[in-house]
Amino acid sequence: MVSYHGRRSAVITLLLACVLVALGGSARDAAAASAPTAVGVAQLHAWVTSEAQRLSGRQVTVTCASDPASWASTLAAAGLVASQGSEVYGFSLIAAGGMYLSPYVCDGLRLGANPVTRAANPLQVGWSVDVLLHESVHLGRFTSDEATVEACARAELPVELHRIYSLAYHASELSALTLAANSFRSTQSASYKGGTCRPTS
C-alpha cells in the first residue's frame, strides 16, 4: 500500500495500492532523543529515522527528499503524480516499512531544530511534525484509514512538540505551532476528518 499525505487544490487525498494485514500491539514507550540542535543533513536524517521508529513502534526506513526534482522522481516511482510534488508532503509504503518525506517537511523539521527559525516558521514546522506523526501512525498501525491516522496525529501533536522541542504545554510557542497545524488541517478532504484515535490492543 502507498498512503500519502498531500494536498491537491487545498485537499488531501489517498491512494490505495494493496491490502494490508492489521497489526496488534505497540512499542510507543521506547525512548528517543529530543530534536537535534545542529542541522547537519546526516544528523537530521538519523534523528528523523529514530523518531519515526519510536512513534511507529517498528523498524522503518525514512527517505528525506533533498530537492523538488528528487521528490518528483520518488513520487513517480511510487505511482504518484510527480507533477504535483509540491502538494504532496509525505507517503508511506506501509507493509514494507518505508516512509518518504517531501523537501518541505524535511526542511520544516530542520527549521524546528533551531528556536529562532522554529519561531519564525510556525506553519511549516508545525505541519512537518504533524506529517511525521501521520506517517508514523500509518506504519505503526498498519492502517490506511486516513481519518483515524489524522485523529491520532492531531491528538499527539502537542505531546510531540513538548517532547522534541522541550516546550512547556502552556507555552505560547507550543500553542502557536499547534494552531498553525490545525489551521492547515482544515484544508483536508472529508476522508481525513471525523476519526477517533483509539488505543491499540
Side-chain angles (χ1 to χ4, degrees), residues 3-7 12 28 30-72 74-75 78 85-93 97-140 149-150 152-167 171 173-185 187-188:
S3 180
Y4 76 87
H5 205 35
R7 190 177 81 173
I12 296 180
R28 292 287 308 281
S34 59
T37 54
V39 291
V41 173
Q43 184 180 11
L44 180 66
H45 183 266
W47 175 79
V48 173
T49 300
S50 175
E51 194 64 11
Q53 291 183 159
R54 186 192 74 84
L55 292 167
S56 66
R58 60 183 284 203
Q59 289 294 115
V60 302
T61 60
V62 177
T63 300
C64 221
S66 59
D67 54 63
S70 64
W71 184 233
T74 299
L75 292 174
S86 64
E87 298 175 341
V88 177
Y89 299 101
F91 70 91
S92 292
L93 303 178
M99 180 188 297
Y100 298 82
L101 300 175
S102 72
Y104 179 89
V105 169
C106 295
D107 193 49
L109 296 171
R110 179 186 63 80
L111 291 170
N114 181 289
V116 175
T117 54
R118 183 172 67 235
N121 299 275
L123 174 57
Q124 186 170 359
V125 173
W127 188 245
S128 296
V129 175
D130 187 273
V131 172
L132 175 60
L133 282 163
H134 182 102
E135 297 305 332
S136 296
V137 176
H138 273 304
L139 292 168
V149 167
E150 190 56 27
C152 291
R154 181 180 66 247
E156 288 293 319
L157 182 59
V159 177
E160 186 69 354
L161 292 170
H162 161 75
R163 196 186 65 80
I164 65 175
Y165 298 138
S166 299
L167 298 173
E173 185 181 359
L174 188 146
S175 297
L177 292 166
T178 303
L179 288 172
N182 287 345
S183 69
F184 194 81
R185 189 180 288 117
T187 66
Q188 293 176 309

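All figures in this text were calculated on a predicted structure; none of them were measured in a lab.
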Enter the distance from [X]:[atom1] to [Y]:[atom2] here, rounded to the nearest 0.5 Å.
X      : Y      : atom1 : atom2 : result
His162 : Leu177 : NE2   : CG    : 14.0 Å
Leu101 : Cys106 : CG    : SG    : 5.0 Å
Leu93  : Thr61  : CG    : OG1   : 8.0 Å
Arg54  : Thr49  : CZ    : OG1   : 14.0 Å
Leu133 : Glu156 : CG    : CD    : 7.0 Å

Minimal non-hydrogen separation, [X] against [Y], with atom names:
X      : Y      : answer
Leu139 : Arg58  : O-NH1, 2.9 Å
Ser92  : Glu135 : OG-OE1, 2.7 Å
Ala180 : Leu123 : O-CD1, 3.5 Å
Ala176 : Pro122 : O-CB, 4.4 Å
Ser136 : Ala52  : OG-CA, 3.7 Å

Qualifying salt bridge (charged side-chain N to carboxylate O under 4.0 Å, His left out) pairs, either residue in residues 60-70, two or more places apart: none
Contact check, side chains of Leu174 and Pro158, non-hydrogen atoms, under 4.5 Å: yes
Val137 vs Glu150 side-chain heavy atoms within contact, under 4.5 Å: no
Sub-3.5 Å donor-acceptor pair from the side chain of [X] to the main-chain atoms of [Y], do we have one?
X      : Y      : answer
Thr74  : Ser70  : yes
His45  : Val62  : yes
Asn121 : Thr117 : yes

Test side chain to side chain contact (heavy atoms under 4.5 Å, CB included) applied to Leu157 and Arg185, step by step: CA-CA 12 Å; Leu157 182 59; Arg185 189 180 288 117; 4.1 Å; yes
Criterion side chain to side chain contact (heavy atoms under 4.5 Å, CB included) on Val41 and Arg110, from CA distance to verdict: CA-CA 9 Å; Val41 173; Arg110 179 186 63 80; over 6 Å; no
CA sep, side-chain torsions, deciding dist, call: Tyr165, Val129, side chain to side chain contact (heavy atoms under 4.5 Å, CB included): CA-CA 11 Å; Tyr165 298 138; Val129 175; 3.7 Å; yes
Audit row: Leu132, Met99, side chain to side chain contact (heavy atoms under 4.5 Å, CB included) steps and yes/no: CA-CA 9 Å; Leu132 175 60; Met99 180 188 297; 3.9 Å; yes
Member of Tyr100, Trp71, Tyr104 meeting the ring-ring contact (aromatic ring centres under 6.0 Å, His included) criterion with Tyr89: Tyr104
